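For clarity, every value in this text was computed on a predicted model and none was experimentally measured.
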Amino acid sequence: VQLQASGGEWVEAGGSLRLSCAASGRTFSSYAKGWFRQAPGREREFVAAISRGGITYYTDSVKGRFTVSRDNAKSTVFLQMNSLKPEDTAVYYCAADRSAYYLGSDYYSRYRESYDYWGQGTQVTVSS
């Protein structure tokens with residue numbers, strides 16, 4: 001599976017962006033998908049995930065502002081980001097966790113070590 005993230009750009013605080021992650025491979029719909037981000041000098045952190053069954057999970061700092069969704073027919077996962085803040089500035093990565101194929105439709109992980117496939121990252125810059 002190869003992942004291609006896009007949609008990152010510069011935006012003013014309070015603005016919105018929609019990130020996309022397109023995947024190759026017919027088994028993508030069987031995996032849990034996640035979004036992570038990494039700011040300069042910081043570790044890569046969990047942002048959001050969507051399970052194979054469509055259940056969504058978020059880190060506390062983005063709840064109510066970000067929405068993760070997917071289009072299995074197009075093998076694409078999205079991250080809609082609203083009310084952006086300067087602290088959201090980071091490189092955003094999409095990832096896929098094939099354990100969902102075996103662990104069930106509700107499974108997801110917030111640990112980057114669980115994910116098997118990663119996109120190349122897309123830069124989001126939020127100015128104050």
Side-chain angles (χ1 to χ4, degrees):
V1 175
Q2 293 185 324
L3 306 178
Q4 181 74 34
S6 62
E9 61 180 80
W10 180 91
V11 64
E12 291 186 346
S16 298
L17 285 175
R18 189 192 197 203
L19 305 184
S20 299
C21 178
S24 63
R26 291 175 291 178
T27 56
F28 186 67
S29 62
S30 300
Y31 301 162
K33 276 76 78 172
W35 286 95
F36 289 75
R37 65 186 180 187
Q38 188 167 17
R42 301 188 64 177
E43 292 190 353
R44 193 171 300 187
E45 65 174 1
F46 172 78
V47 175
I50 185 165
S51 73
R52 179 163 61 90
I55 301 173
T56 56
Y57 307 87
Y58 301 94
T59 194
D60 287 346
S61 63
V62 308
K63 284 181 181 176
R65 300 190 297 124
F66 290 12
T67 303
V68 59
S69 62
R70 84 284 173 79
D71 183 338
N72 284 335
K74 297 182 178 180
S75 296
T76 303
V77 61
F78 305 98
L79 185 67
Q80 178 67 43
M81 305 186 295
N82 299 328
S83 302
L84 282 162
K85 304 176 181 179
E87 51 263 45
D88 295 319
T89 295
V91 177
Y92 282 71
Y93 298 89
C94 60
D97 181 350
R98 61 188 178 189
S99 297
Y101 186 83
Y102 306 99
L103 296 180
S105 59
D106 292 350
Y107 167 83
Y108 88 103
S109 174
R110 58 178 62 236
Y111 301 105
R112 60 183 185 269
E113 294 81 7
S114 299
Y115 288 80
D116 304 286
Y117 306 102
W118 290 86
Q120 83 289 0
T122 185
Q123 176 71 48
V124 172
T125 303
V126 184
S127 66
S128 58

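What you find for Ser105 and Ser51 is that their closest heavy atoms are O-OG, 2.7 Å. Across Ser20 and Thr76, no two heavy atoms sit closer than the pair CB-CG2, 4.4 Å. Of all heavy-atom pairs spanning Tyr117 and Val1, the tightest one is CD2-O, 3.5 Å. Here the closest heavy-atom approach between residue Pro86 and residue Ala13 is recorded as CD-CB, 4.1 Å. Taking both residues in full, the closest heavy atoms of Ser16 and Asn82 are given as OG-OD1, 2.9 Å, listed atom of the first, atom of the second, then distance. Closest approach of Leu17 and Glu9 over heavy atoms only: CD2-CG, 3.3 Å.
Expressed to the nearest 0.5 Å, how far CZ of Arg65 lies from OG of Ser83 amounts to 7.0 Å. Atom OH of Tyr107 and atom CZ of Arg52 lie 12.0 Å apart (nearest 0.5 Å). Asp97 contributes atom CG, which lies 5.5 Å from atom CG of Asp116 (distance to the nearest 0.5 angstrom). Between Ser114 atom OG and Tyr108 atom OH the span is 10.5 Å, to the nearest 0.5 Å. To the nearest 0.5 Å, the span separating CZ on Arg18 from CE on Met81 amounts to 11.5 Å. One distance of note links CG of Asn72 with NZ of Lys33; it measures 5.0 Å at 0.5 Å rounding.
Cluster annotation: Val68 is connected to Val62 through the hydrophobic network of ILVMFWY side chains, with a link wherever side-chain heavy atoms come within less than 4.5 Å. Taking hydrophobic clusters as Ile, Leu, Val, Met, Phe, Trp and Tyr residues chained together by side-chain heavy-atom distances below 4.5 Å, Tyr101 does not share a cluster with Trp118. Hydrophobic clustering keeps Ile50 apart from Phe46 (ILVMFWY residues linked when any side-chain heavy atoms are closer than 4.5 Å, directly or through intermediates). A single hydrophobic cluster is seen to contain both Leu84 and Tyr58, as judged by linkage of ILVMFWY side chains at heavy-atom distances under 4.5 Å, directly or through other members.
For Arg37 (side chain) and Ala90 (main-chain N/O), no donor-acceptor pair under 3.5 Å exists by modelled atom type. The closest donor-acceptor contact from the side chain of Arg110 to the backbone of Gly34 lies at 3.5 Å or more, if one exists at all. Tyr31 places no side-chain N or O within donor-acceptor distance of the main-chain N or O of Tyr115, the cut-off being under 3.5 Å.
Between Phe78 and Asp71 the shortest side-chain heavy-atom distance falls below 4.5 Å. Side-chain contact between Leu3 and Phe28 is present, with at least one heavy-atom pair separated by less than 4.5 Å.
Between Lys85 and Asp88, none of the side-chain N atoms (NZ, or NE/NH1/NH2) sits under 4.0 Å from a carboxylate O, so this pair counts as no salt bridge.
Ring planes of Phe66 and Tyr92: tilted class, angle from 30 to 60°.
For Arg44 and Tyr93, the positive end sits near the middle of the six-membered ring, less than 6.0 Å away and at most 45° from its axis.
Evaluation of the side-chain hydrogen bond (donor to acceptor under 3.5 Å, both in side chains) rule for Thr89 yields no partner, not counting sequence neighbours.
Applying the side-chain hydrogen bond (donor to acceptor under 3.5 Å, both in side chains) definition to pairs two or more places apart or across chains, those involving residues 119-128 are Gln123-Thr125.
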